[in-house]
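Indexing begins at 1, ligand by ligand and atom by atom, following the structure's order.
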Amino acid sequence: MKVCKFGGTSVASAEQIKKVAAIVNSDASRRFVVVSAPGKRYSEDIKVTDLLIELAEAVIEGKEFEDKLQKVVARYQENAEGLGLELSIVEEIATDLHARIDEASKISDEYLLDTLKASGEDNNAKMIAQFFNSIGIQSKYINPKEAGLIVNDAPERAQAQPEAYVNLNLLKNSSEVIVFPGFFGYTKEGVLRTFDRGGSDITGSILAASIHADLYENFTDVDCVFSANPKVVNNPSEIHEITYREMRELSYAGFSVFHDEALMPVVKLDIPVNIKNTNNPQAEGTRIVSKRKGNPRPVTGISADSEFSILYVSKVLMNREIGFGRKLLQILEEERISYEHIPSGLDDISVIIRKHQLTPEKENRIVKRVYSELHVDDVYFRHGFSMVVVVGEGMKNNTGLAARAATAISKTGANIEMINQGSSEVSLSFGVQEKYQELIIQALYEEFFAAVAAAR
Ligand code: ASP
């Protein structure tokens, strides 16, 4: 049994949805189809999820919203017409959006945002199931509430709970193809909550783990994962096989092909993931597995992400002070801030944080508290950093790799503000100023892949 997830561009138009149907029809083991909301049809297009967020914001701000609602409906109408479906489904979608707004207005703004965002995948799944049936693919739309996809109560960032896997397992006995909307679940109390953005990947993974699928196929719009961002590096080499750990590191830092949270459920059961292209389903794609067979080269990929901040703290003899790190992290915990890395020296420590978690007020409070409670010599925030990550299982025990990377970076003129290598040695991260990000990726690619590229 395979679970297939189709991303936004794969279900953006009637033409794309027909490709999805052909893919599902061509393989009888494709029994579970998870769908995103309609995504971009061309590069300047707006995803339905983003239209829904605009709609929610208009409602929250008490502005006129009918135009925005109709924009969403128009996307479904175009698809329904192109698929030859009865237009009653479009009316149902308009009614559904109004009902969600009415219901949520009595509850909370965050619920309104979640329920409207989720409607993107929910209504799309209904439409796609209807289309499948109209062309003879026996299928059934399943609502995550009915199926028991239980999540915790975290608006916009929900996580599946253990009972979800038990409940969803029952779906495996269905004789019809299941069409399941991605991106959301329900709390035990029955409140809808969405996953993080891009979270339909997570739904696919939960479903694959629940039914113990043989394979999780993740259909998108690229032939495979590349060793570096093709927008930054010219014609980067293709990755046909990658380990879970490598993929986790790469998707954490800027590889948007597969959500990093989507790996955990499949890793536990060792279910392989195959990233494939809806527009070119014959291409082998990229397989994410627990152990890679071929590819002896040390580095598999290079990625980067921006908008990091550094909290810098220094105090002489910090290394002798018991509990210093804990007290510092406790202050961050009380401000509800998670950290990414904590490189440290003898008398100083830096905490790397994603900037979106900070506000000027929070920064002020943190600086004041660190001064007064930890009696430090200096403490301040710095912003505008990127983390550039070099990833590869083959890096382990490979001498001189950090030196090669650092030399390549130095050629760009950038100062390395931080270096971090986890003990698993799957990745080497460099904190640098944002403005050097692209140059560094190019320099590192040249260093580690030029020979490979030349041999192609
Ligand atoms: N539609 C949602 C988003 O745009 C989820 C997804 O497509 O995976 O974030």
Original post:
So which pairs with a foot in residues 173-191 pass side chain to side chain donor-acceptor pair (under 3.5 Å), sequence neighbours left out?
Top reply: E163-K188
**OP:** Please check if atom CD in E15 has more than 12 non-hydrogen atoms from other residues, nucleotides or ligands closer than 6.0 Å.
**Re:** no
**OP:** Please indicate whether K362 has more than 12 foreign heavy atoms, meaning atoms of other residues, nucleotides or ligands, lying under 6.0 Å from its NZ.
**Re:** yes
Original post:
Does any pair with a residue in residues 143-160 pass salt bridge (Lys or Arg N to Asp or Glu O under 4.0 Å), and if so which ones, sequence neighbours excluded?
Top reply: K117-E156, D153-R193, R157-D196
Original post:
By side-chain hydrogen bond (donor to acceptor under 3.5 Å, both in side chains), which residues pair with S105, not counting sequence neighbours?
Top reply: none
Is there any protein N/O under 3.5 Å from an N/O of ligand 1, and what does the full list of such pairs look like?
residue	atom	partner	partner atom	Å
ligand 1	1 (N)	T49	OG1	2.7
ligand 1	1 (N)	E121	OE1	3.2
ligand 1	1 (N)	E121	OE2	3.2
ligand 1	4 (O)	K47	NZ	2.9
ligand 1	4 (O)	T49	OG1	3.4
ligand 1	4 (O)	R197	NH2	3.0
ligand 1	7 (O)	S36	OG	3.0
ligand 1	8 (O)	G198	O	3.3
ligand 1	8 (O)	G199	N	3.4
ligand 1	8 (O)	S200	N	3.0
ligand 1	8 (O)	S200	OG	3.2
ligand 1	9 (O)	R197	NE	2.7
ligand 1	9 (O)	G198	N	2.7

Original post:
To the nearest 0.5 Å, what is the distance between OG (S10) and CD1 (I17)?
Top reply: 10.0 Å
